[in-house]
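See structure below.
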Amino acid sequence: MIETADVVIIGSGIVGSSVAYHLAQQGCTNVLVLEREAHQGKGSTGKSMGGVRAQFSTAVNIQMSKYSIDFFSKFDEVVGHPADYRAHGYLFCATNEKHIAYLKGNMERQKALGVTNVEWLSPDDIVKIVPQLRVDDILGGTFCPTDGFVDPHSVMMGFMVNAREQGVRLWLDTTVTGVDLECGGSTPLSLADNNKAPSSRRTPKEGARIAGVQTSRGFVSTRVVINAAGAWAAQIAELAGAELPVEPLRRQLVPTEPFDQLPQRFPMVIDMSTGFHFRREGKGILLAWNDPRETPGFKTEFDPSFIEKILTHAAARVPVLAEAGVNPRRAWAGLYEMTPDHHAIIGPAPNVEGLFFVNGFSGHGVMHSPASGKLAAELVVHGHSDLIDATQLSVTRFAEGRSLEETAIL
Ligand SMILES: Cc1cc2nc3c(=O)[nH]c(=O)nc-3n(C[C@H](O)[C@H](O)[C@H](O)COP(=O)(O)OP(=O)(O)OC[C@H]3O[C@@H](n4cnc5c(N)ncnc54)[C@H](O)[C@@H]3O)c2cc1C
């Protein structure tokens, strides 16, 4: 018997799980989620820092965050599982006039879009929040108290458990190996295992539409495929003969051993002079810095030489951190899914009817998972969404010269 589903979601990370939940909320429950790993969260979701913030520079990212942070604040009630949302805030610290102009411009945009609690802080205000910070070159900063953190694994599980309670099916250990298309009733054209270079990609014929997916467990017949494959999304798009500009980029995080020389509670602090940022994680401190020399690729191993680089930035901004112990074996690396304009790609593929993208979060997929799941589910079920103007995030923006640009990337 051929397996069928109204909608197949490829990938069960936080994004695929949110889409599954929001489809079920729309009454669409004949949904099958396919995940190649034996457990959920083995992609980028399980590697995330869990930061959520409305402090972005573009309207669409601010709107996505505003909706999502509000959702996180009532997640436990609405979804029935804990999100572990902690409103500890994000504090951006400016060290030159350009930073000040940038942060103040962003703050005005954020306020105009309803994030009214962002405020400008003086160096004196900043040092009250984190007394151990070296502020001699800090000129001020912005603070938003409802920014903060969630537990990505818990959010992902909450979405999926709720979706499954409503009838959504999840197949673990199931790799999608091909996408079958048909053209106006003709025999399905299988693009299975089409892993060739883009130049030799078989582009689907005009009028091509989804007929099903090939998996390691056999064929699944469906009219709708949602690509939620994170950093691997371009490979899935290619299986359907579609182009998707999403590229993997390694990010590395370093936790310290228990460290009590910083407050028990403080915001995510971002040093704009270097991009170094840090927050409390249990008894220790989680250190982050995006190495500008990192190059794209599926590199998920942690590079031990990163520790010295990050500790240099850490000690320069927070001198007491020079005393923090670090065990390299507890540090980890994961993948951002980067797009050329650092905004997500959400919506239908232009050349394959029934194929939808929810990809390319460029490091913001956890914080934007509620909004992107709702947006994608509404586009699939209704063809439109009132949440935001979805055409802004369409993949066609690149070909049409409508790229956005997000510069507030961590
Ligand atoms: C170090 C680090 C820190 C980060 N910090 C933050 C942060 O503070 N805040 C934030 O918002 N975001 C952060 N991010 C980004 C965030 O983790 C991602 O944007 C988000 O997890 C993407 O979720 P996803 O569900 O799209 O992808 P994933 O979690 O990667 O899920 C994709 C899934 O697809 C599956 N898959 C792939 N190919 C196939 C196939 N052929 N068949 C079946 N299944 C397949 C994979 O196994 C995987 O489980 C961070 C990322 C990293 C690496």
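Start at 1 and go down the list; that is how both ligands and their atoms are numbered. Count residues from 1 along the sequence.
The atoms of ligand 1 that sit less than 4.0 Å from any heavy atom of Glu37 are 47 (O). Using a 4.0 Å cut-off to heavy atoms of Gly11, the atoms of ligand 1 that qualify are 33 (C), 34 (O), 35 (C). Of all atoms in ligand 1, listed by their number and element, those nearer than 4.0 Å to a heavy atom of Leu34 are 43 (C), 44 (N). Contact atoms of ligand 1 toward Val15: 23 (O), 24 (P), 25 (O), 26 (O) (distance under 4.0 Å to a heavy atom of the residue). Close contacts of ligand 1 with Leu253, meaning ligand atoms under 4.0 Å from a residue heavy atom, involve 1 (C). Distances below 4.0 Å separate heavy atoms of Ala228 from the following atoms of ligand 1: 32 (C), 34 (O). Atoms of ligand 1 lying under 4.0 Å from at least one heavy atom of Gly334, given by number and element, are 53 (C). Distances below 4.0 Å separate heavy atoms of Lys47 from the following atoms of ligand 1: 1 (C), 2 (C), 3 (C).
Polar contact with ligand 1: absent for Phe361 (N/O pair, distance under 3.5 Å). Close N/O approach between Arg251 and ligand 1 is not found [any backbone or side-chain N/O within under 3.5 Å]. Polar contact check, Trp232 against ligand 1: no nitrogen or oxygen pair lies under 3.5 Å apart. An N or O contact shorter than 3.5 Å links Gly51 to ligand 1 by distance. Considering backbone and side-chain atoms together, Ile236 places no N or O closer than 3.5 Å to any N or O of ligand 1. Ligand 1 has no N or O atom lying under 3.5 Å from any N or O atom of Ala231, backbone or side chain. On a distance-only criterion, Val366 and ligand 1 share at least one N/O pair closer than 3.5 Å. Between Thr45 and ligand 1, at least one pair of N/O atoms sits closer than 3.5 Å.
Counting all heavy atoms, side chain and backbone alike, Gly365 lies closest to Ile14 at O-CG2, 3.8 Å. Scanning both residues, Ile69 and Arg53, for their nearest heavy atoms gives CD1-C, 3.6 Å. The two atoms that bring Asn106 and Ser57 nearest to each other are OD1-CB, 3.3 Å, heavy atoms only.
Side-chain polar atoms of Thr396 and Arg402 form a donor-acceptor pair below 3.5 angstrom. At a cut-off of 3.5 Å, with distance as the only test, no side-chain donor of Thr177 or Thr175 sits close to an acceptor on the other residue. Between the side chains of His22 and Ser18, a donor-acceptor pair is found at a separation under 3.5 Å.
Side-chain atoms of Tyr21 and Val168, non-hydrogen and from C-beta on, never get closer than 4.5 Å to each other.
Applying the side-chain contact (heavy atoms from CB on, under 4.5 Å) test between Ile100 and each of Thr142, Thr95, Leu139 identifies Leu139 as the sole match.
In terms of protein heavy-atom proximity, atom 17 (O) of ligand 1 is nearest to Ser44 O, 3.2 Å. Of the protein's heavy atoms, Gly230 CA, 3.5 Å lies nearest to atom 27 (O) of ligand 1. For atom 46 (C) of ligand 1, the closest non-hydrogen atom of the protein is Glu35 OE2, 3.5 Å. Looking only at heavy atoms of the protein, atom 11 (O) of ligand 1 is closest to Met367 N, 2.7 Å. Regarding atom 6 (C) of ligand 1, its nearest protein heavy-atom neighbour is Ser48 OG, 3.1 Å. Atom 12 (N) of ligand 1 has Gly363 O, 2.9 Å as its closest protein atom, hydrogens excluded (heavy atom only). Given atom 50 (C) of ligand 1, the protein heavy atom at minimum distance is Tyr336 CE1, 3.5 Å. The protein heavy atom nearest to atom 43 (C) of ligand 1 is Arg36 N, 3.3 Å.
Residue His364 places a heavy atom less than 4.0 Å from ligand 1.
Residue His39 qualifies as open at atom NE2: its count of foreign heavy atoms under 6.0 Å is 12 or below. Remark: Lys111 NZ is packed, more than 12 non-hydrogen atoms of other residues, nucleotides or ligands lying under 6.0 Å away. Heavy atoms of other residues, nucleotides or ligands lying less than 6.0 angstrom from CD of Glu400 number more than 12. Taking a 6.0 Å sphere around CD of Glu301, one finds it holds more than 12 heavy atoms contributed by other residues, nucleotides or ligands.
Residue-level proximity to ligand 1 for Thr174 is carried by the backbone, the only part with a heavy atom below 4.0 angstrom. Counting heavy atoms under 4.0 Å from ligand 1, residue Ser362 does not touch it at all.
Considering Val176, Val358, Thr215, Thr300 only, the shortest heavy-atom separation from atom 40 (C) of ligand 1 involves Val176. The option from Gln252, Arg53, Met49, Glu337 that lies nearest to atom 20 (C) of ligand 1, judged by heavy atoms, is Glu337. Of the candidates Gly41, Ala344, Gly13, Gly13 brings a heavy atom nearest to atom 31 (O) of ligand 1.
The ring-ring contact (aromatic ring centres under 6.0 Å, His included) check on Phe357 picks up nothing, with sequence neighbours excluded.
Note on Arg317 versus Asp137: salt bridge recorded, some NZ/NE/NH1/NH2 to OD/OE distance being below 4.0 Å. Look at Glu35 and Lys42 and you find no salt bridge, because none of the NZ, NE, NH1 or NH2 atoms lies under 4.0 Å from a carboxylate O. A salt bridge is defined here as a Lys NZ or Arg NE, NH1 or NH2 lying under 4.0 Å from an Asp or Glu carboxylate O, and Asp70 with Lys66 fails to meet this definition.
Between His368 and Phe56, the gap from one ring centroid to the other is short of 6.0 Å.
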